[in-house]
Amino acid sequence: MENITLNVEKVLGFVDKEKLAAYAPKVKECMETLEKGTGLGNDFLGWLHLPSSITKEHLADLKATAEVLRENCEVVVVAGIGGSYLGARAVIEAMSDSFQWLREKKAGQPTIIFAGHNIGEDYLAELTDFLKDKKFGVINISKSGTTTETAIAFRLLKKQCEDQRGKDMARKVIVAVTDAKKGAARVTADKEGYKSFIIPDNVGGRFSVLTPVGLLPIAVAGVDIEQLVAGACEMEKVCANEELTENPAALYAATRNELYKEGKKIEILVNFQPKLHYFMEWWKQLYGESEGKDGKGIYPSSVDFSTDLHSMGQWIQQGERTIFETVVSVEKPNHELHVPSDEENLDGLNFLAGKRVDEVNKMAELGTQLAHVDGGVPNLRISVPALNEYYLGQLIYFFEKACGISGYLLGVNPFNQPGVEAYKKNMFALLNKPGYEKESEAIQARLK
């Protein structure tokens, strides 16, 4: 089978080819640091060889649990936030019929809903109201069980599930993905007798999509997790190559770091395939949390083209020249649709009659690339042969490996996120959580 590929030709007009080639020894050193576990954050490198370490027995266990949920639930709510939900949603949305939520549901094909990723009272009230007459189950994804957004949602969902379906059925259709030994979620799972899966200690949330955090919800959605893992395994091999030009993850990391040195502070991840919207959201967390620290880091943003060409296109074309684009391009769509001819031709589109819609889309992509490069925006292009589980697995591992290399090139710890705790401390102090009395006093003084 083919692999995803990276093309940086449309960057070379903005950075010297020699400077890019000079990254080879630096990248090799970063890869060795990852492999030997001698760098910052080395206790969170479990993702590095995760794909190749996943056993058939583990996948079978995940699939069997998914089948229990599929057989007993009309709706499955995935409760999690950040890395505990974005990876699963990215794959599920990419592999789902865009209008599946409107179609008649078949037995064994539950609707997947996400909760615990916000504190919206209206959202939760509307969710619990929707579930009132539904046979639903819950996958609670939380290492600690005390993350505020997810804990509130799970508390509501657990009670509602038990009230509607009874404790015995609730025990069957609530699954915990959590720490092996400690934390509120682990205590609850053991006490209630929930089926549970472990979040490895050495895999951070944003790198966890190929653990049960992502694989279980993805399997419940009916997506082939074996092919997802197989694609990631293949990319694990490809991204082990020490030659810069033969390793797409290494080349991506080097290119974006050189662009950063040249003043390109914002990376815009672009897709021309609407199904990849949540994949972009997953990518933003991966790179935002990994590199945005110590006063450094490329700002990760994303756009859905051609939709956003009608909103963000002007700024990208002629705004401040501190940006570069990475385009994720799917070569072959899964369907075929041709533009029909129209006798009156009032819209003037008969010149497209007989052409596939995807041909029009590809010309929009090429035309956009040429225009943006002419406008001073360097372009990288990631070519994905098709939108399926295998290539999504490749894409996931490619971005993860590149992120580790890129973080070390930047000189930061790509595996921690100390800044995430700042808002939580303020929130807990404002809510008068026990243990935050001093912080509460300080904040009240500031608010006077």
Side-chain angles (χ1 to χ4, degrees), residues 4 62 66 69-70 73 75-103 105-106 109-118 123 127 130 138-139 141 153 177 205-225 227-229 231-232 269-288 300-308 326-335 358 361 382 384-400:
I4 64 171
L62 287 163
L69 291 170
R70 287 169 63 84
C73 300
V75 177
V76 174
V77 184
V78 180
I81 194 169
S84 294
Y85 117 95
L86 281 171
R89 189 162 193 177
V91 175
I92 291 169
E93 296 277 351
M95 294 309 304
S96 296
D97 181 323
S98 302
F99 303 95
Q100 188 170 317
W101 60 286
L102 289 171
R103 300 186 191 280
K105 295 294 178 290
K106 298 177 182 178
Q109 195 176 52
T111 298
I112 309 297
I113 291 177
F114 297 89
H117 56 288
N118 60 48
Y123 184 92
L127 171 63
F130 170 75
V138 184
I139 301 175
I141 305 173
V177 182
R206 57 189 177 275
F207 289 86
S208 68
V209 62
L210 296 176
T211 72
V213 168
L215 294 179
L216 179 59
I218 291 167
V220 173
V223 178
D224 190 338
I225 58 174
Q227 278 298 297
L228 189 74
V229 171
L269 194 68
V270 177
N271 76 81
F272 283 79
Q273 165 53 275
K275 290 175 182 285
L276 289 175
H277 174 81
Y278 272 96
F279 195 93
M280 310 285 121
E281 296 300 306
W282 170 80
W283 172 87
K284 283 194 287 190
Q285 188 209 359
L286 179 64
Y287 281 81
S301 63
S302 64
V303 288
D304 301 313
F305 285 168
S306 63
T307 302
D308 290 338
T326 299
V327 180
V328 179
S329 180
V330 179
E331 297 299 336
K332 296 178 182 178
N334 293 322
H335 302 284
D358 190 60
N361 197 35
I382 299 167
V384 182
L387 191 59
N388 60 31
E389 294 94 337
Y390 186 78
Y391 292 120
L392 280 172
Q394 288 199 357
L395 203 56
I396 287 166
Y397 189 83
F398 158 77
F399 276 125
E400 289 182 344

Over 60° means perpendicular and under 30° means parallel, so classify the ring planes of Trp282 and Phe399, tilted if in between.
perpendicular
When rounded to the nearest 0.5 angstrom, what distance separates SG in Cys73 from CD in Gln109?
14.0 Å
Atom CD of Glu93 and atom CD of Glu281: how far apart are they, to the nearest 0.5 Å?
10.5 Å
Of Ile113, Val138, Leu127, the residue whose pairing with Val75 passes side chain to side chain contact (heavy atoms under 4.5 Å, CB included):
Ile113
Which heavy atom in [X] sits nearest to a heavy atom in [Y], and how many Å separate them?
X	Y	answer
Ala88	Val209	N-CG2, 4.2 Å
Gly83	Val213	O-CG1, 3.5 Å
Ile92	Ala221	CG1-CB, 3.8 Å
Gln394	Gly231	CG-O, 3.1 Å

Partner set under side chain to side chain contact (heavy atoms under 4.5 Å, CB included) for Asn334, not counting sequence neighbours
Leu387
Which residues pass the side-chain hydrogen bond (donor to acceptor under 3.5 Å, both in side chains) test with Asp358, sequence neighbours left out?
Lys362
Less than 4.5 Å apart, side chain to side chain, heavy atoms only: is that true for Glu389 and Val223?
yes
Can the ring centres of Trp283 and Tyr287 be said to be less than 6.0 Å apart?
yes
